[in-house]
Colleague: 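Take this structure, written in structure tokens, and hold onto it; I'll ask about it next.
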Amino acid sequence: MNTTTIIDYLKTSDPSDLFAKAKQIKAETVGNKVYLRGLIEYSNRCAKDCYYCGIRVSNTKVCRYDVDEQSVLDAAEYAWRKGFGSIVLQSGERRSREFMQKIEGLLNQIMTLTNHEIGITLSLGEQDEDTYKRWQDAGAKRYLLRIETSNRMLYEKLHPKNHNYDARLKCLETLQNLNYQVGTGVMIGLPFQTLEHLAEDLQFFQTMDVDMVGMGPYIEHVDTPLFSTVGALRATPLQQVENRLDLTLKMIALLRIQMPTINIAATTALQTLDLFGREKAIEIGANIIMPNLTPLKYRENYFLYDGKTVVKDTFDDTIADLEVRLAQIGAEIGYNLHGDSLHYKSKP
Ligand code: SAH
Ligand code: SF4
């Protein structure tokens with residue numbers, strides 16, 4: 001698809017053809033199974049200062065935590081026993097030897113505890129090659145590192161000067177060279193973002209030949225510079241909530257058509273804007289859901305953005321509810337399966 005066609009689809013008020021095509025391609029490739037990745041938000045300590053993020057280092061209002069070791073192990077074991085197939089360990093970015101070793105230790109313990117059966121995805125930011133390698137040796141098989149926006153100028157507007165687009169890109173390449181299953185993604189509806197930028201993002205995923213993508217709407221957080229400068233204004237049409245939702249679904253459908261065999265996540269941010277946002281995304285292209293397994297006492301401190309869903313139900317209830325919702329759209333959970341990216345598996 002060329003840029004003009006993509007932009008036309010992003011603009012259309014009737015995406016039914018687009019969604020029908022994406023549905024059909026999804027049925028023919030990844031099928032109706034949805035794979036679960038139990039999300040453990042390991043720590044909200046972060047050394048970086050992204051202008052859009054609620055847990056950026058300069059936000060002094062945040063009560064910082066690391067999930068205690070036993071709780072991480074309990075969450076991983078729960079995921080394994082329930083047949084989730086995989087977990088994701090996510091946190092703010094820290095680049096110390098201590099952090100590297102802590103994660104390495106956790107990975108080793110999780111692998112032993114789960115009889116080497118659980119699939120582990122990491123989302124711990126930019127690290128050096130040695131760190132990525134050690135975490136891989138300890139059991140991690142996938143890595144998520146969103147480029148946030150593939151447009152360099154927009155990236156620079158959203159980050160302080162010491163955050164480097166090229167360094168982030170280099171990390172994605174390092175992860176690919178190490179043979180991780182690599183995922184990236186962007187935020188949709190950012191201040192200053194245009195439809196051309198979103199078309200570029202789709203191009204970027206293709207050029208980078210990534211295995212997985214997680215894209216979600218940008219959601220403002222009041223204690224961030226992006227909100228206090230421009231975010232509050234909702235200045236561009238792209239920033240209206242309903243447009244962000246609509247655009248995210250269209251982006252997912254376009255991506256499924258463009259890269260039929262990759263894994264695409266229906267993100268938590270989507271659920272924040274619309275109670276059924278994730279299910280809508282699954283219907284038209286996504287095939288991954290990341291149920292939150294962060295222990296409740298830590299959860300309310302992992303606020304990347306406002307209004308983030310903090311589910312108070314038990315984990316069992318959450319999954320039972322998800323099963324019902326998925327059945328309603330003809331999808332089913334792929335229990336006890338890693339649900340690896342078919343795109344990755346078909347690489348030489
Ligand atoms: N620190 C790591 C992982 C945790 S942040 C990293 O940055 O890679 C995970 C993701 O949360 C980020 O990649 C970003 O895309 C998303 N995020 C942060 N602030 C957000 C906001 N205000 N709205 C929507 N998503 C946001
Ligand atoms: Fe830190 Fe990630 Fe938030 Fe940036 S997006 S401030 S790296 S947690």
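Bear in mind that the values here come from a model prediction, so they are computed numbers and not experimental data. Whatever order the structure lists ligands and atoms in, that order sets their numbers, starting from 1.
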Colleague: Of the protein's non-hydrogen atoms, which lies at the shortest distance from atom 3 (Fe) of ligand 2, and what is that distance?
Modeller: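 The protein heavy atom lying closest is C53 SG, 2.4 Å.
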Colleague: Is it true that D211 and K345 make a salt bridge, defined as a side-chain N closer than 4.0 Å to a carboxylate O?
Modeller: no
Colleague: What protein heavy atom lies closest to atom 16 (C) of ligand 1? Include the residue and the distance to one decimal.
Modeller: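 The answer is R146 NH1, 3.8 Å.
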Colleague: Applying a 4.0 Å heavy-atom criterion (strictly less than), which segment of Q90 is in contact with ligand 1: side chain, backbone, both, or neither?
Modeller: side chain
Colleague: Do the charged groups of E220 and R244 touch, with an N to O distance under 4.0 Å?
Modeller: yes
Colleague: I'd like to know if S123 contacts ligand 1, where contact means a heavy-atom distance under 4.0 Å to any ligand atom.
Modeller: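 The answer is yes, since S123 has a heavy atom less than 4.0 Å from ligand 1.
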Colleague: Side chain, backbone, both or neither: which part of M187 comes within less than 4.0 Å of ligand 1 when only heavy atoms are counted?
Modeller: side chain
Colleague: Describe, in one word, how the ring planes of Y155 and H159 are oriented to each other, choosing from parallel (under 30°), tilted (30 to 60°) and perpendicular (over 60°).
Modeller: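 Y155 and H159: parallel rings.
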Colleague: Could you check whether Y52 and Y218 have their ring centres less than 6.0 Å apart?
Modeller: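 No: the rings miss the under 6.0 Å criterion.
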Colleague: Ligand 1 versus R168, non-hydrogen atoms closer than 4.0 Å: side chain, backbone, both, neither?
Modeller: side chain
Colleague: Does I55 approach ligand 2 within less than 4.0 angstrom via side chain, backbone, both or neither, non-hydrogen atoms only?
Modeller: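 Looking at I55 and ligand 2, just side chain atoms fall under 4.0 Å.
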Colleague: Determine whether I7 and L254 fall in the same hydrophobic cluster, where Ile, Leu, Val, Met, Phe, Trp and Tyr are linked whenever their side-chain heavy atoms lie under 4.5 Å apart.
Modeller: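 They do share one cluster, since a chain of ILVMFWY contacts under 4.5 Å joins I7 to L254.
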Colleague: Is the closest basic N to carboxylate O distance between K250 and D246 below 4.0 Å?
Modeller: yes
Colleague: Quick one: look at P217 and ligand 1, take heavy-atom pairs under 4.0 Å, and tell me if it's side chain, backbone, both or neither.
Modeller: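 P217 to ligand 1: backbone contact only, side chain stays beyond 4.0 Å.
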Colleague: May I ask you to identify the nearest protein heavy atom to atom 11 (O) of ligand 1, giving residue, atom name and distance to one decimal place in Å?
Modeller: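 That would be L304 CD1, 3.4 Å.
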Colleague: Of the choices Y143, Y52, F303, Y302, which has the non-hydrogen atom that lies closest to atom 18 (C) of ligand 1?
Modeller: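 Nearest option to atom 18 (C) of ligand 1, by heavy atoms: Y52.
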Colleague: Using 4.0 Å as the upper bound for N to carboxylate O, is an ion pair formed by D17 and K21?
Modeller: no
Colleague: How far is atom 1 (Fe) of ligand 2 from the closest protein heavy atom, and which atom is that?
Modeller: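 Nearest protein contact, heavy atoms only, for atom 1 (Fe) of ligand 2 is C46 SG, 2.3 Å.
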Colleague: Which protein heavy atom lies closest to atom 13 (O) of ligand 1, and at what distance to 0.1 Å?
Modeller: E148 OE2, 2.6 Å
Colleague: Protein heavy atom under 4.0 angstrom of atom 8 (S) of ligand 2, is there one?
Modeller: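 Given the 4.0 Å cut-off, atom 8 (S) of ligand 2 counts as touching protein heavy atoms.
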Colleague: Under 3.5 Å, side chain of T114 to main-chain N/O of E77, donor-acceptor pair present?
Modeller: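 Not a single qualifying donor-acceptor pair exists.
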Colleague: Indicate if M290 and I329 have the same hydrophobic cluster label, given that clusters are the connected sets of ILVMFWY residues with side-chain heavy-atom separations under 4.5 angstrom.
Modeller: no
Colleague: Which bit of C53 is near ligand 1, meaning a heavy atom under 4.0 Å away: side chain, backbone, both or neither?
Modeller: both
Colleague: If hydrogens are left out, which of I219, T272, L270 has an atom nearest to atom 23 (N) of ligand 1, that is, the closest non-hydrogen atom?
Modeller: I219
Colleague: Quick check against the 3.5 Å criterion: does R256 have a side-chain atom that pairs as donor or acceptor with the backbone of Q24?
Modeller: no
Colleague: Can you tell me the protein heavy atom closest to atom 4 (Fe) of ligand 2 and the distance?
Modeller: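 Checked against all protein heavy atoms, atom 4 (Fe) of ligand 2 sits closest to C50 SG, 2.3 Å.
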Colleague: Quick test: of every protein heavy atom, which one is nearest to atom 3 (C) of ligand 1, and how far off is it to 0.1 Å?
Modeller: S91 O, 3.3 Å
Colleague: Less than 4.0 angstrom from a charged side-chain N to a carboxylate O is my criterion; do E283 and K26 meet it?
Modeller: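 No.
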Colleague: With heavy atoms of Y218 as the reference, note each atom of ligand 1 found under 4.0 Å away.
Modeller: 22 (N), 23 (N), 24 (C)
